[in-house]
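Residues: numbered from 1 along the sequence shown. Just so you know, these numbers come straight off a predicted model, no measurement behind them. In each ligand, atom 1 is the first atom listed, and ligand 1 is the first ligand listed. Both backbone and side-chain heavy atoms feed into the values below; hydrogens, waters and symmetry mates do not.
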Amino acid sequence: MRSPTDPASAPNTAGTPLPSRDNAALAALAPWPDPQANKYTRGKLSLVAGAAAYPGAACLAGAAAERAGAGYTEVFCAGESLLAVRSFRPSLVARDWREWHPARQEARCADRTGACVIGCGFDGDARQRELVAETVRAATGPVLIDGGAIGLMADKAGQRLARERAERGVGPLVLTPHGGEAARLARGAELEGALGGPELAVGLARAYRALIVLKGPITFIADAEGIVETMGRGTAALAKAGTGDVLAGIIGALLAQGLAPRDAAALGCALHAEAGRAAAQELTEICVSAEDVIAALPQAVRAIVGAH
Ligand SMILES: NC(=O)C1=CN([C@@H]2O[C@H](COP(=O)(O)OP(=O)(O)OC[C@H]3O[C@@H](n4cnc5c(N)ncnc54)[C@H](OP(=O)(O)O)[C@@H]3O)[C@@H](O)[C@H]2O)[C@@H](O)CC1
Ligand SMILES: Nc1ncnc2c1ncn2[C@@H]1O[C@H](COP(=O)(O)OP(=O)(O)O)[C@@H](O)[C@H]1O
């Protein structure tokens, strides 16, 4: 795993946000492929997503992950969603989520980088609860929890699962809540007080022992040490259904390519915001949809990371 590029020299225990990283700092993180790369060495993303009611979330996260550089993106989804995922993007390897066995998966790929994103398009049934618990327990690589899986972690049992994982010292956990999901996580952990953005992000990071990406017009990235980074370069064009699934796919792909969690979150949020702005420039803030954000990712890569 790459070492974290930390703009702070000391932990910021008060949770006061640090300035956003500039393009030069972000460009240094870019996962350009090695000339000898193959699809497996470039990072395998296992995306567990897409209940029968929400195949679109799996499609969006999977397509975004491919655009963000993952070498092999496998989508484990409900049987009813398989056709939608395959038809949306044939390069995605779509499997029934009954085939998702995180412990076996990790053992097969011990010498490769990889990551798991779980929850885009979950709607919270008992099977999905089991998938989340099994993944948090057994996956040894980085795990990003998004969408409906966040609600499944938002109670004492979920908090215990997350903390036990942190104590075992296996792969890191990243949670990417929007405001509503963050409120659920706070209630689940019985966090008290009407906390504002950065304080809430740090409170959740400590309660769940995870990196928190608290999304909104300004996004706060916080860890349990109390270090907070901000991302405010987005646009209201991003306030459309599915753009959070796109962000989960991007950050998941960067984790799968070996970036440390805070670096993956900082670069991922910057690329997402920049892609939103590029799409809005072409299509207006009114017309942009989540698919357009994915399509604009190459422009965002050029603007932030430059050519290789
Ligand atoms: N194409 C697809 O397949 C798509 C599938 N998707 C998938 O759908 C699943 C459900 O996800 P979801 O976000 O739509 O609903 P949910 O988690 O129930 O929360 C909504 C409630 O929270 C509140 N709220 C407060 N602050 C908020 C904020 N800043 N941003 C948003 N909400 C905020 C607000 O409550 P209110 O303030 O109205 O009381 C609101 O009613 C999930 O798995 C996701 O991946 C979507 O990604 C869309 C595209
Ligand atoms: N007004 C805004 N300005 C900038 N970014 C925004 C704004 N509204 C939403 N976003 C961004 O769009 C994304 C929305 O995520 P989320 O609410 O999880 O969407 P969904 O669940 O529909 O996929 C987040 O990355 C958030 O930061």
Side-chain angles (χ1 to χ4, degrees), residues 20 47-65 68 75 77-78 80-81 84-85 88-89 97 117-125 127-129 131-132 144-154 174-188 194-197 200-201 204 212-221 229-252 265-280 285-286 288-294 296-297 300:
S20 305
L47 171 62
V48 189
Y54 295 123
C59 296
L60 292 168
V75 183
C77 60
E80 297 89 332
S81 298
V85 173
F88 180 74
R89 200 165 171 93
W97 59 27
V117 169
I118 186 163
C120 308
F122 272 23
D123 48 13
D125 71 13
R127 175 72 187 118
Q128 293 162 27
R129 183 176 290 279
L131 286 168
V132 174
L144 184 155
I145 300 184
D146 185 55
I150 292 177
L152 295 172
M153 291 293 287
V174 178
L175 301 179
T176 52
H178 60 51
E181 291 159 342
R184 265 171 245 163
L185 287 170
R187 278 195 301 276
L195 299 171
L200 175 57
L204 293 176
I212 300 293
V213 180
L214 174 52
K215 299 177 295 189
I218 295 179
T219 290
F220 299 99
I221 302 167
E229 289 185 57
T230 53
M231 162 54 57
R233 62 200 279 178
T235 156
L238 287 167
K240 279 257 176 91
T243 55
D245 303 312
V246 171
L247 180 67
I250 296 171
I251 298 177
L267 180 57
C269 289
L271 290 171
H272 182 257
E274 189 64 35
R277 297 186 78 84
E285 285 194 340
I286 294 174
V288 170
S289 65
E291 291 85 347
D292 303 316
V293 179
I294 299 171
L297 271 172

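- Only the side chain of Leu247 comes within 4.0 Å of ligand 2, counting heavy atoms alone; its backbone N, CA, C and O stay farther away.
- Interatomic distance, CG of Leu214 versus CG of Leu200, reported as 5.5 Å (0.5 Å rounding).
- The closest heavy-atom contact to atom 9 (C) of ligand 2, among the options Gly148, Ala239, Gly242, Gly276, comes from Ala239.
- With ligand atoms numbered from 1 in the order given, ligand 2 contributes 22 (O) to contacts under 4.0 Å with heavy atoms of Ala241.
- Atom CD of residue Glu229 and atom OG1 of residue Thr219 lie 12.0 Å apart, to the nearest 0.5 angstrom.
- Residues Cys120 and Ala61 approach most closely at SG-CB, 3.9 Å, considering heavy atoms.
- Atoms CG and CH2, from Leu47 and Trp97 in turn, are 11.0 Å apart once rounded to the nearest 0.5 Å.
- Here atom 3 (N) of ligand 2 lies nearest to Thr235 when heavy atoms of Leu238, Ile250, Thr235, Asp245 are compared.
- If you check which protein heavy atom lies closest to atom 19 (O) of ligand 2, you get Gly244 N, 3.3 Å.
- Residue contact check: Ala236 has heavy atoms under 4.0 Å from atoms 1 (N), 2 (C), 3 (N) of ligand 2.
- Of all the atoms in ligand 2, the ones that sit under 4.0 Å from a non-hydrogen atom of Gly216 are 5 (N), 6 (C), 26 (C), 27 (O).
- To the nearest 0.5 Å, atom CG of residue Leu271 and atom CG of residue Leu247 are 10.0 Å apart.
- Atoms of ligand 2 found under 4.0 Å from any heavy atom of Thr219, numbered from 1 in the order shown, are 27 (O).
- At under 3.5 Å, not a single nitrogen or oxygen of Pro217, backbone or side chain, sits near a nitrogen or oxygen of ligand 2.
- For the residue pair Gly242 and Ala290, the shortest heavy atom distance occurs at C-CB, 3.6 Å.
- The protein heavy atom nearest to atom 18 (O) of ligand 2 is Lys215 NZ, 2.7 Å.
- For ligand 1, the protein residues within 4.0 angstrom (heavy atoms only) are Tyr54, Gly56, Ala57, Gly119, Cys120, Gly121, Phe122, Gly147, Gly148, His178, Gly179, Gly180, Glu181, Arg184, Ala241, Gly242, Asp245.
- Contact detail for Ile221 and Cys269: the closest heavy-atom pair is CD1-SG, 4.2 Å.
- When only non-hydrogen protein atoms are considered, atom 13 (C) of ligand 2 lies nearest to Thr243 OG1, 3.2 Å.
- Residue Met231 comes nearest to Ala266 through the heavy atom pair CE-O, 4.4 Å, listed as atom of the first residue, atom of the second, then distance.
- Here the closest heavy-atom approach between residue Gly232 and residue Ser20 is recorded as N-OG, 4.5 Å.
- At a heavy-atom cutoff of 4.0 Å, ligand 2 is contacted by no atom of Glu181, backbone or side chain.
- Across Leu152, Val48, Val117, Ile150, a single residue satisfies side-chain contact (heavy atoms from CB on, under 4.5 Å) together with Ile145, and that is Ile150.
- Interface atoms of ligand 2 facing His272, defined by a heavy-atom separation under 4.0 Å, are 25 (O).
- At a threshold of 4.0 Å, the pair Asp292-Lys240 does not count as salt-bridged, since none of the basic side-chain nitrogens sits closer than that to a carboxylate oxygen.
- The OG1 atom of Thr230 sits 7.0 Å away from the CD1 atom of Ile218 when rounded to the nearest 0.5 Å.
- Ligand 2 places these atoms under 4.0 Å from at least one heavy atom of His178: 17 (O), 18 (O).
- Shortest non-hydrogen contact noted between Arg89 and Ala63 is CD-CB, 3.5 Å.
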